[in-house]
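These notes concern the structure reproduced below.
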Amino acid sequence: MRTLLIPFTKTYWSKLRVSFSQSSRDRRAKIGNFSASSAPLRGINLYRKVFAVGITTVAIFSVLISGSVAGAEKPNILIILADDLGYGDLGYTGSKEIQTPVIDSLAKNGVVCENGYVTHSYCGPSRAGLLTGRHQARFGMEINATYSPYDRHMGIPETEKTFGKRLQAAGYRTGIIGKWHVGAAPNHHPNSRGFDYFYGFLGGGHCYWPHQVTTTGPLRLDNGKVNYGPNQGTEFPLLRNDNAGEFTEYLTTALSRDAAKFVKEGSRPFCLYLAYNAPHSPLEAPKETIEKYKHINNWNRRVYAAMVDEMDRGIGMVVDALKASGKFENTLIFFLSDNGGVGTPPWNPSENWADNGPFLQGKASWLEGGIHVPYIVHWPAGLPRSGTFKELVSSLDLTATAVALAQGDTSGEPLDGVNLIPYLKGEKKGSPHAALYWRERDSTAWAVRTPKAKFVKNNWKNEICVFDMINDPYESTNVIDKAPEKRAELARLWNAWNADNKANVLLHAYEYQELRLQMYEDLYKEQEAKAAKKKPIVIQ
């Protein structure tokens, strides 16, 4: 906390009152430039005497830079979210195949959270928890929302506030670029949920090349099953706010270029959520980048590696823009993935292109491969120490940290996350969380983890396990038969947490899409039957 010593004069008080009514940048300029042009000569001479003699000969007061003036020093906040990124597919996590120099640099010069987790093992629910800072089970959204622009209920309930909404109240310029996936009706549009700016797509995925964009894809496959992509809008045009948003290059590059532009603009503090859909399928990348990874024999993994590479380059564009605009030092950057990489699940063993490092299984699993993700916190001005943090950290903590630093809106339901900065600085000791919790819709699968142990129902193999996370962090040995007391303790924790949750409300995307198509079929048949009963009108 800094103190400014300034003469106690009538003129100064007048100037101070004016300065406090200006913008944050103007406030600092007016106080810092208080000179002969803005004060009587008598005041200046007195000011010199005070500092020359080193004693106070007039009344001197302290302006504590913790209120309105401190607003000029609120950090920018940049949340970068990868999609289906394998834990072991970055240089800093051990990859020898894929080059990620930008992300590696953020890790080297920031804090690596070695036990960073997300709230769910696949896209939609994980993003709902991240965006609100409240576990999605609190409001019954444990599914992948379907692109459904006429359904006001298919999305995060309007009773929940996003971090964008909470930071808007603190004067932040807010934006999301990329993947939304938590509602497509107008009441769920990002501009309606706390984000001043939106460029991206509302569904759960998107094609990567402009020539693939169409609105006429078949809604059913030749075998009669639902065609997931067209029903999810994966080939629809992008949006820029409430209008069409063109892209003329590889999608990851287009999103990165737009993010670089966003961070450069304006002098107000910003909060940008850069939500890539890379390296989520479809597996598509520029030819020259694919060629760069020709040493990888598996074609799917080769393309996937190129997608990760392109995302890293895109992040580099944003970092360069921050540096060019003088905002890099005071920008708090979070980097993480929405869940683990694909890991040959039993229902689709061909999904084999990601590497989750030492962790078992992957996306859609409650073992570490599905929920334990790369997690970096980088903020030169606020976290001068780099290194690793080994305690439990959650994606829920992003909102809590951002709101605390921005002095944002804390009204409404309590956040489940924790402000991480005091822990990362070493001002607070221990784990930010005594336990972390997970739940699949209708509790068909679940998990609870403390710093020492984990109790999980593994939905891939339909088995219940207890793991010693100190001596067996990679979950190689199920000790459930040897640890009845530990099982009981973890079950008690999970049950207490789950008692405050809400049962899942919405239908999962595939189920919803099938019922939506069937609804139109049934409606048509009903109307056709009514029409058949009507006799032709005879006119005279």
Side-chain angles (χ1 to χ4, degrees), residues 113-143 156-157 160 336-340 359-361 363-373 375 390-401 413-420 423 430-460 463-470 473 475 478 480 483 485-505:
C113 297
E114 291 189 347
N115 279 300
Y117 289 88
V118 286
T119 62
H120 207 279
S121 60
Y122 53 78
C123 305
S126 177
R127 291 161 192 268
L130 183 151
L131 276 160
T132 60
R134 283 171 36 80
H135 198 287
Q136 62 277 358
R138 302 296 196 199
F139 45 89
M141 188 177 173
E142 299 174 87
I143 49 80
I156 295 176
E160 300 296 325
L336 67 165
S337 179
D338 63 344
N339 45 254
F359 302 126
L360 297 179
Q361 300 183 4
K363 178 180 179 179
S365 167
W366 296 123
L367 293 191
E368 296 291 281
I371 52 179
H372 193 146
V373 298
Y375 197 127
K390 299 181 181 297
E391 304 296 341
L392 300 184
V393 169
S394 169
S395 58
L396 296 168
D397 301 328
L398 274 64
T399 292
T401 303
E413 295 293 336
L415 298 177
D416 289 320
V418 175
N419 177 9
L420 292 179
Y423 290 94
S431 176
H433 299 273
L436 295 177
Y437 305 91
W438 296 268
R439 191 185 81 172
E440 180 66 90
R441 54 183 174 143
D442 303 320
S443 300
T444 54
W446 38 260
V448 51
R449 199 214 144 154
T450 65
K452 295 183 178 181
K454 183 176 176 184
F455 186 28
V456 55
K457 182 180 180 183
N458 179 3
N459 51 338
W460 282 27
E463 61 180 352
I464 298 177
C465 306
V466 172
F467 296 108
D468 176 353
M469 300 305 287
I470 299 296
E475 301 172 310
N478 182 6
I480 192 167
E485 293 182 358
K486 179 59 64 178
R487 172 179 179 167
E489 175 194 349
L490 294 171
R492 178 183 56 79
L493 288 174
W494 191 90
N495 289 332
W497 168 77
N498 193 49
D500 294 328
N501 291 332
K502 182 177 183 179
N504 181 63
V505 176

Close side-chain approach of M141 to P125, heavy-atom, < 4.5 Å | no

pair L396-Y117: side-chain heavy atoms closer than 4.5 Å | no

Aromatic rings F359 and H372: how do their planes relate, parallel, tilted or perpendicular, breaks at 30° and 60°?
-> parallel

In terms of heavy-atom contacts, V456 and A447 come closest through CG2-CB, 3.8 Å

Between N478 (side chain) and V466 (backbone), is there a donor-acceptor pair under 3.5 Å?
-> yes

Side chains of T399 and T132 in contact at under 4.5 Å (non-hydrogen atoms) = no

Examine distances only and state if a side-chain atom of T401 and a backbone atom of L420 form a donor-acceptor pair shorter than 3.5 Å.
-> yes

N/O donor-acceptor pair under 3.5 Å between T450 side chain and A453 backbone | yes

Within the side chain of N459, is there an N or O that forms a donor-acceptor pair under 3.5 Å with the backbone of A364?
-> yes

Identify the heavy atoms of P451 and R449 that sit nearest to each other, and give their distance.
-> O-NH2, 3.1 Å

So, for A400 and G417, which heavy atoms are closest and what is the spacing to 0.1 Å?
-> CB-C, 3.5 Å

Heavy-atom closest pair, residues G340 and K363 | O-CB, 3.5 Å

Across all chains, not counting sequence neighbours, the side-chain hydrogen bond (donor to acceptor under 3.5 Å, both in side chains) partners of R138 are D416, N501

Tell me, which pairs form a salt bridge (Lys or Arg N to Asp or Glu O under 4.0 Å) where one or both residues lie in residues 430-441, sequence neighbours left out?
-> E142-R439, R441-E511

Non-hydrogen side-chain atoms of L336 and V118 separated by less than 4.5 Å = yes

Whether Q136 side chain and T119 backbone form a donor-acceptor pair below 3.5 Å | yes

Side chains of I480 and F455: does their closest heavy-atom pair fall under 4.5 Å?
-> yes

Can you run down the salt bridge (Lys or Arg N to Asp or Glu O under 4.0 Å) pairs that involve residues 489-504, sequence neighbours left out, and say none if there aren't any?
-> K486-E489

Considering all heavy atoms, the nearest G116-Y375 contact | CA-CD1, 3.7 Å

Nearest atoms (heavy-atom pairs only) where S394 meets L436 | CB-CD2, 3.9 Å

Let me see the working for K454 and E368 under salt bridge (charged side-chain N to carboxylate O under 4.0 Å, His left out), right down to the final yes or no.
-> CA-CA 10 Å; K454 183 176 176 184; E368 296 291 281; 2.8 Å; yes

Sequence neighbours excluded, the answer for salt bridge (Lys or Arg N to Asp or Glu O under 4.0 Å) partners of K390 is E114

Using ring pair (Phe, Tyr, Trp, His ring centres under 6.0 Å) as the criterion, point out the one residue from W446, W438, W366 that pairs with H120.
-> W366

Please report the C-alpha distance between E463 and K457 in whole Å, then the side-chain angles of each, then the deciding distance to 0.1 Å, and finally whether the side-chain contact (heavy atoms from CB on, under 4.5 Å) criterion is met.
-> CA-CA 6 Å; E463 61 180 352; K457 182 180 180 183; over 6 Å; no

N339 and I371: CA distance, side-chain angles, deciding distance, side-chain contact (heavy atoms from CB on, under 4.5 Å) verdict | CA-CA 5 Å; N339 45 254; I371 52 179; over 6 Å; no

Could you go through the salt bridge (charged side-chain N to carboxylate O under 4.0 Å, His left out) check for R127 and D338 one step at a time?
-> CA-CA 7 Å; R127 291 161 192 268; D338 63 344; 3.0 Å; yes

Considering residues at least two apart in sequence or located in another chain, which fulfil the ring-ring contact (aromatic ring centres under 6.0 Å, His included) criterion with Y423?
-> none

Are any side-chain N or O atoms of D442 and backbone N or O atoms of T444, one a donor and one an acceptor, separated by less than 3.5 Å?
-> no

To the nearest 0.5 Å, tell me how far N458 CG sits from C465 SG.
-> 5.5 Å

Worked check of side chain to side chain donor-acceptor pair (under 3.5 Å) between H433 and D397 = CA-CA 10 Å; H433 299 273; D397 301 328; 2.8 Å; yes

ring-ring contact (aromatic ring centres under 6.0 Å, His included) with W497: which residues, sequence neighbours excluded?
-> H135, Y437, W494

